[in-house]
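Model, not experiment: these values are computed from the prediction. Lettering follows sequence order; numbering is per chain, from 1. Atoms considered below: every heavy atom in the structure, side chains included; atoms not considered: hydrogens, waters and symmetry mates.
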Protein chains: 2
Amino acid sequence: MLTQSLNAPAISTSITRGKIAPALHPVSDKFGAIAGHVGLVATEFSYRKEEEIYGEDEPAEYVYQVVSGAVRSYKLLSDGRRQIGAFHLPGDVFGLESGATHRLAAEAIIDTTVRLVKRTSLEKAAGTDVQVARKLWAMTASELRHAEDHMLLLGRKTAMERVATFLLEMDRRLAVASMMALPMCRRDIGDYLGLTLETVSRALSQLHAQGILGFSGARQIVLRNRARLHNLDA
Amino acid sequence: MLTQSLNAPAISTSITRGKIAPALHPVSDKFGAIAGHVGLVATEFSYRKEEEIYGEDEPAEYVYQVVSGAVRSYKLLSDGRRQIGAFHLPGDVFGLESGATHRLAAEAIIDTTVRLVKRTSLEKAAGTDVQVARKLWAMTASELRHAEDHMLLLGRKTAMERVATFLLEMDRRLAVASMMALPMCRRDIGDYLGLTLETVSRALSQLHAQGILGFSGARQIVLRNRARLHNLDA
DNA sequence: CGCTTACTTGAGCGCCATCAAACATAGTGG
DNA sequence: CCACTATGTTTGATGGCGCTCAAGTAAGCG
């Protein structure tokens, strides 16, 4: 599993397939808060839909920030069962490791552009700048908080509660004008929530029938009653 | 939920109920690696069986290390469903937060003695000593790794696979002379694995019937065939 | 428009939860 | 030392939530 990813950017002259995205909102630009601060150069790079960014247990050479698109981080069991630990959306940093290897694999869900910096550069910066070290710790702690919340969901929530939690999370993270455009398919949602794609679909249909959400195509969802959705969450 | 815990050590003159435990093995003494390094004084304190150490969302005033005993960290849903995120055994550090509050509650499973230092002391030390900052980050990253593994377990493993994983984890962490003395009850195990206590009991009985493990009382377990247990894990 | 992929919906089943009771263990007081 | 009690564990019976298998429908895309 420690094979070098063929998809990793090999050198700094790597071709970026995507376009430069509009500037991220300053407050959410965690990457810039680091890279900018210590004068690191962030390279842009693009991945196509379904392309692997790095594999599980691969050396963690880079740290990434989503510029546009969406990424899933996941673990696999030997028989193919998959648990997605997190979705990474524009502005999010992923692939940050304190150790030498990536603990989860990462793939682009749709065409995705990222900014990346070498892990060693960040390590070096953290060694001289306490503010950078503090920020790296805070980002890992933030991931841990999400994982802890997600353990509660996976271990103890019902299917409907999980889907309600998911919708509220996505609403918070990617809704524009109360509409969210989900980048991921039903199977991804299921593998994130510890459910099958059919169960996810049934839950969404039920919420639709109750008027709690509206569809404009399967992945365009508008929440019509967040209060009732909160009640369905535990 | 932000109420001050009545169980928290109020002042430095707080009475320690427990005894001073034998010195921890140097390599596993993460706390000493920090506290010793920067000259922080670690206070000892004891909690009785079932006693709360801190509550969810309480201000994170201290960071703890288990000297003897065992601790569970958990989250609750409003109706009482509980997810234990981790068990903390002698040598383990817990309650370390990058932010201002504890994201999980913590309780002593059995009579437990801890060493503790003020979070602000560690923060201050991290601000001047890069090595300390690096260590704090590494400890949080280690917790994150465990949480990521546990998400896979909770989301995708069967009951038998979960119990097998649990046994191997406990064997690794607290077995002496190939015997493990579990400090926690079946309900705790269930709440850690996202199962009921009955399902945990049935899985253990089945492993016993297959000769994979032996009992000397319900909580004294000896693994007789780790290879077969690994096969039962996914 | 035709093809492919994704999504929805239905039917039936199985794993694990629930409910219940028996059994074991540890601690207590006589 | 031994009933006695409380707590924890095991085991059984039953049921339900979510999975599996299957078919039909919709949507995206050349």
Side-chain angles (χ1 to χ4, degrees), chain A residues 48-50 70 72 77 79-83 109-111 153-167 181-210 213-221 232 234, chain B residues 48-50 70 72 77 79-83 109-111 153-167 181-210 213-221 232 234:
Chain A
R48 281 173 304 225
K49 188 174 191 291
E50 303 296 301
R72 56 181 173 245
L77 292 176
D79 63 357
R81 281 174 286 172
R82 183 179 64 159
Q83 179 61 48
I109 297 174
I110 53 178
D111 289 354
L153 177 148
L154 294 170
R156 289 305 180 206
K157 290 189 181 180
T158 66
M160 185 54 83
E161 288 166 350
R162 295 179 200 207
V163 171
T165 303
F166 170 77
L167 287 171
L182 298 177
M184 74 290 287
C185 66
R186 296 291 188 265
R187 178 176 298 277
D188 286 343
I189 299 172
D191 285 351
Y192 180 58
L193 300 178
L195 301 170
T196 59
L197 65 94
E198 293 95 333
T199 298
V200 171
S201 179
R202 275 183 249 271
L204 290 173
S205 294
Q206 196 179 325
L207 293 172
H208 185 229
Q210 293 178 258
L213 60 80
F215 283 113
S216 313
R219 298 191 190 182
Q220 297 277 334
I221 296 179
L232 291 179
Chain B
R48 281 173 305 226
K49 188 175 192 289
E50 303 295 300
R72 56 181 173 245
L77 292 176
D79 62 358
R81 279 173 288 171
R82 182 179 66 159
Q83 179 61 46
I109 297 174
I110 54 179
D111 290 354
L153 178 150
L154 294 170
R156 288 305 180 207
K157 289 189 182 180
T158 66
M160 184 54 81
E161 288 166 348
R162 294 179 201 207
V163 171
T165 303
F166 170 77
L167 288 171
L182 298 178
M184 73 291 284
C185 66
R186 297 291 188 264
R187 179 177 298 278
D188 286 343
I189 300 172
D191 285 352
Y192 178 59
L193 299 179
L195 301 169
T196 60
L197 65 95
E198 293 94 333
T199 298
V200 172
S201 179
R202 274 183 250 271
L204 291 174
S205 295
Q206 196 179 325
L207 293 172
H208 185 230
Q210 293 178 257
L213 59 81
F215 283 114
S216 315
R219 297 191 190 181
Q220 297 279 332
I221 296 179
L232 291 179

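- For the pair H208(A) NE2 and dC7(C) C1', the computed distance is 14 Å after rounding to whole Å.
- In this structure, D191(A) places its CG atom 11 Å from P of dC19(D), rounding to the nearest Å.
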Apply side chain to side chain contact (heavy atoms under 4.5 Å, CB included) to L207(A) and M160(A), showing your working. CA-CA 9 Å; L207(A) 293 172; M160(A) 185 54 83; 3.9 Å; yes
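- To the nearest angstrom, C1' of dC15(C) lies 15 Å from CZ of R156(B).
- Put simply, R219(A) has no side-chain N or O that comes within less than 4.0 Å of OP1 or OP2 on dG28(D).
- Listed candidates were dT20(D), dT9(D), dG18(D). Nearest to the side chain of A159(A) is dG18(D).
- The number of heavy-atom neighbours closer than 6.0 Å to CZ of R187(A), taken from other residues, nucleotides and ligands shown, is 12 or below.
- Between E50(A) and V200(B), the one whose closest nucleotide on DNA chain C sits nearer the 5' end is E50(A).
- The heavy-atom pair separating A181(B) from Q220(B) by the smallest distance is CB-NE2, 3.4 Å.
- Within 4.0 Å (heavy atoms only), G190(B) reaches no atom of the nucleic acid at all.
- Of the two residues contacting DNA chain D, namely R202(A) and Q206(B), the nearest-nucleotide position lying further toward the 5' end is that of Q206(B).
- Of the candidate nucleotides dC7(C), dT8(C), dT9(D), dT8(C) has the atom nearest to the side chain of F215(A).
- Between S205(B) and dT11(D), a side-chain N or O to OP1/OP2 separation shorter than 4.0 Å is present.
- To the nearest angstrom, P of dT10(D) lies 9 Å from CG of L197(B).
- The CG atom of L182(A) sits 10 Å away from the P atom of dC7(C) (whole-angstrom rounding).
- Nearest-nucleotide positions on DNA chain D for K157(A) and T199(B) put T199(B) closer to the 5' end.
- Contact annotation: the side chain of F215(A) approaches that of L204(A) to within less than 4.5 Å [non-hydrogen atoms, C-beta and beyond].
- Look at CG on L195(B): it is 18 Å from P on dC17(D), rounded to the nearest Å.
- Rounded to an integer number of Å, the gap from E198(B) CD to dT11(D) P is 13 Å.
- Residues L193(B) and T199(B) are not in side-chain contact: their nearest non-hydrogen atoms beyond the backbone lie 4.5 Å or more apart.
- When the P atom of dG18(D) is taken as reference, atom CZ of R162(A) falls 8 Å away, rounded to whole Å.
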